[in-house]
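So the structure is just underneath, and the comments pick up after that.
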2 protein chains.
Amino acid sequence: MANINEIAKMAGVSVATVSRVLNNHKYVSEEKRSAVQKVIDQMDYTPNKSAVDLIRRETRMIGIIIPYNNNQAFDQMLHGVLNASIERDYSVIVLPTKYNKAKELTYLAMLKNKVLDGIIITSRSNDWESIIPYTNYGPVVCCEYTDHPEIGCSYIDRYASYLEVFQYLKVKGHTRVAITRGRGMESISTRQTLDAYNNTFGELPTELHISDCYCVEDGYHAGQQLLSLASRPTAIYANGDEVAGGIYLYAQSMNIKVPQDLAIMGQENQPIGVGLGLSSVDHQLIKVGEQAFELIINKLQHKIEIPYRIIHRSSI
Amino acid sequence: MANINEIAKMAGVSVATVSRVLNNHKYVSEEKRSAVQKVIDQMDYTPNKSAVDLIRRETRMIGIIIPYNNNQAFDQMLHGVLNASIERDYSVIVLPTKYNKAKELTYLAMLKNKVLDGIIITSRSNDWESIIPYTNYGPVVCCEYTDHPEIGCSYIDRYASYLEVFQYLKVKGHTRVAITRGRGMESISTRQTLDAYNNTFGELPTELHISDCYCVEDGYHAGQQLLSLASRPTAIYANGDEVAGGIYLYAQSMNIKVPQDLAIMGQENQPIGVGLGLSSVDHQLIKVGEQAFELIINKLQHKIEIPYRIIHRSSI
DNA sequence: CTGAAAGCGCTAACAA
DNA sequence: TTGTTAGCGCTTTCAG
């Protein structure tokens, strides 16, 4: 590929002039401008982005840290930032961590490298103390609330959402309610779920708490486990609609009527939920992603709460 | 951020030596190596990637062109390439086109720019003549078959898959079968669907062909439309499980029994399909994505066919 | 084994 | 309005 020197030579001007027409500077005579443009066209020339980035010290690329790249929740946030990125002419690069701390830090280092102009964290495994230092090199926003002033947040009030669901269940007369969750106790949202549970029903019996639920199949097994209990739960709050769907399927197979014998509540308003008529709480994660993107490119550290909404269908 | 010069100065060596320890060259005395490493650590230094890329002429970043960033099929391919990228220490950047030709070309130009080491096209709107020239600047692989030798392909034999489904339907005694599709006639997969249809059932009556179906809701409307026909179809082959799910829901609401009164077949083996017991053909798009990634980074122009599989559940 | 120096391709003072 | 030139931060000959 030709470079700016050759173009300059061919057009009979200096590289500075070529650079000027490339960047639409004024103070270039129409005559030279068109001469340069002509050479650019005929040589099918495009400036080398690494060189431009090197000198400009920005890349117009932002990264999004995602633990798993096939999880309904993270996918929604990804879609949100992708949606927003198109409008603003930014590129987004996906950074999957599988909750590996070192990998997560490696990605954060891309801010130092000047590969990325900013990073959005949808979920983290490092603690804030390890993350904060990177804010010196570029904006980082998180899809979870934190009061660290260096971090912008586009988040949902999960505690409030969980609390509302549990209260609702209580009002409906449920006292023995089970929950499912994804990864271990270290997860912030699990912590919040438990707090909300406690404040509504008191201590959560361990047998009513199933971990490692991600897909329909996991939900099916969770249902099996829960509904085989001597003292069955009368309601289950699943950590996603797919899991909720699996639970529903198991109940169905056992001839357990939903919602009469078992109430089920899902999350994130996924297709399987509409298919099965599952009630759900939609945390509007797409909006969370869109908002996170706006914060990043405007280098804002605001704390923005995205409202959730409960979707009433027939499983509760 | 410090640069290589400062590190060299502080460590009392030349930049060349610093570069050598950075890149794990041999022929650096253990003494100098550790001196340099110490300074690197204490300064928390990271090389500037733009500068490295500029001189190395590679970025270890590959792009994936995707028309829509919330479509089950494209999402699966994206997940496939993401899966593969983690192992190989590459970054992937998502390039959403909304089938805008100019945008697509802009992305391809990122190969010329040296922003991307390669590009994977999951679906294109430009014709091959416009795309081929870019293969001069880096590998481009497509998730669709083409015999252009410049293009690597990781694809599924859609025609064969459609044909098998239609034949199966025919054997089951169906003669009036409808189909749904996404975007306009220009889509290659629509074309192949029609060919397969023709070779099985002959001309497809226009009233049995519904366009612009993407989600559950679209499917519901399609079902409504199709099942209101004076002469109803006895089977519907949907372009995705979500659409199939919508059709199922409508049939259910009308008390039309599946599969007795209406057979439904979906595609891509999505959660809603397992929830509703919908038969589906799984094109294994995740594998398509993984394979595409391998082709790209190995700069191969092979044509690799990924097998599909029909999943029998209870809707047919 | 180590360092000096020549770039990679581009932008932006600065001077003209 | 234009050209000269000094870098941006790094890698890699080429000598020693």
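Heavy atoms only: backbone and side chains are in, while hydrogens, waters and symmetry mates are out. Naming: A, B, ... by sequence-line order, numbering from 1 per chain.
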[Y] versus [X], side-chain donor and acceptor atoms under 3.5 Å:
{"X": "A:Glu104", "Y": "A:Thr97", "answer": "no"}
{"X": "B:Tyr137", "Y": "A:Asp44", "answer": "yes"}
{"X": "B:Thr59", "Y": "B:Asp53", "answer": "no"}
{"X": "A:Asn3", "Y": "A:Asn48", "answer": "no"}

Can you check the [X] [atom1] to [N] [atom2] distance for me, whole Å?
{"X": "B:Glu6", "N": "D:dC8", "atom1": "CD", "atom2": "P", "value": "10 Å"}
{"X": "B:Glu30", "N": "C:dT2", "atom1": "CD", "atom2": "P", "value": "10 Å"}
{"X": "A:Glu58", "N": "C:dA12", "atom1": "CD", "atom2": "P", "value": "11 Å"}
{"X": "B:Tyr27", "N": "D:dA15", "atom1": "OH", "atom2": "P", "value": "18 Å"}
{"X": "A:Lys9", "N": "C:dG9", "atom1": "NZ", "atom2": "P", "value": "12 Å"}
{"X": "A:Asp53", "N": "D:dG7", "atom1": "CG", "atom2": "P", "value": "22 Å"}

>> At 10 degrees resolution, what angle do the end axes of the helix from C:dC1-D:dG16 to C:dA16-D:dT1 form when each is taken over five base pairs?
In response: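 End-to-end axis angle for the helix from C:dC1-D:dG16 to C:dA16-D:dT1: 40°, rounded to 10°.
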
> D:dT12, C:dG3, D:dG3: which one has an atom nearest the side-chain heavy atoms of B:Ser14?
Replying inline: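 Out of D:dT12, C:dG3, D:dG3, the nucleotide with an atom closest to B:Ser14's side chain is C:dG3.
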
> Picking from D:dT12, C:dC1, D:dT2, which would you name as closest to the side chain of A:Ser29?
Replying inline: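 The closest nucleotide is D:dT2.
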
>> Which heavy atom of B:Cys153 sits nearest to which heavy atom of B:Glu144, and what is that distance?
In response: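 It is SG-O, 3.4 Å.
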
> If you take all heavy atoms of B:Ser123 and B:Phe74, which pair is closest and at what distance?
Replying inline: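 In this case the closest contact between B:Ser123 and B:Phe74 is CB-CE2, 3.6 Å.
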
>> For B:Asn70, give me all partners under side chain to side chain donor-acceptor pair (under 3.5 Å), at least two apart in sequence or on another chain.
In response: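 Partners of B:Asn70 by the side chain to side chain donor-acceptor pair (under 3.5 Å) criterion come out as none, since no residue qualifies.
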
List, with names and distances, any nitrogen or oxygen atoms from the protein found under 3.5 Å away from nitrogen or oxygen atoms belonging to nucleotides 9-11 of chain D.
unit_1	atom_1	unit_2	atom_2	d
D:dG9	OP1	A:Arg57	NH2	2.9
D:dG9	OP2	B:Asn3	ND2	3.3
D:dC10	OP1	B:Tyr45	OH	2.5
D:dC10	OP1	B:Asn48	N	2.8
D:dC10	OP2	B:Ile4	N	2.4
D:dC10	OP2	B:Tyr45	OH	3.2
D:dT11	OP1	B:Asn23	ND2	3.2
D:dT11	OP2	B:Ser19	OG	2.9

> Contact class for B:Lys26 vs. all strands (heavy atom < 4.0 Å): base, sugar-phosphate, or nothing?
Replying inline: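 It contacts nothing in the nucleic acid.
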
> Is the phosphate of C:dC8, meaning OP1 or OP2, less than 4.0 Å from a side-chain N or O of B:Lys114?
Replying inline: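 So the side chain of B:Lys114 is outside the cut-off, no N or O lying under 4.0 Å from OP1 or OP2 of C:dC8.
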
>> For B:His148 and B:Trp128, take the angle between the two ring planes, folded into 0 to 90°, and tell me which bin it lands in: parallel under 30, tilted 30 to 60, perpendicular over 60.
In response: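 Correct class here is tilted.
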
> Is A:Glu294 salt-bridged to A:Arg88, going by a charged N under 4.0 Å from an acidic O?
Replying inline: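 A salt bridge links A:Glu294 with A:Arg88.
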
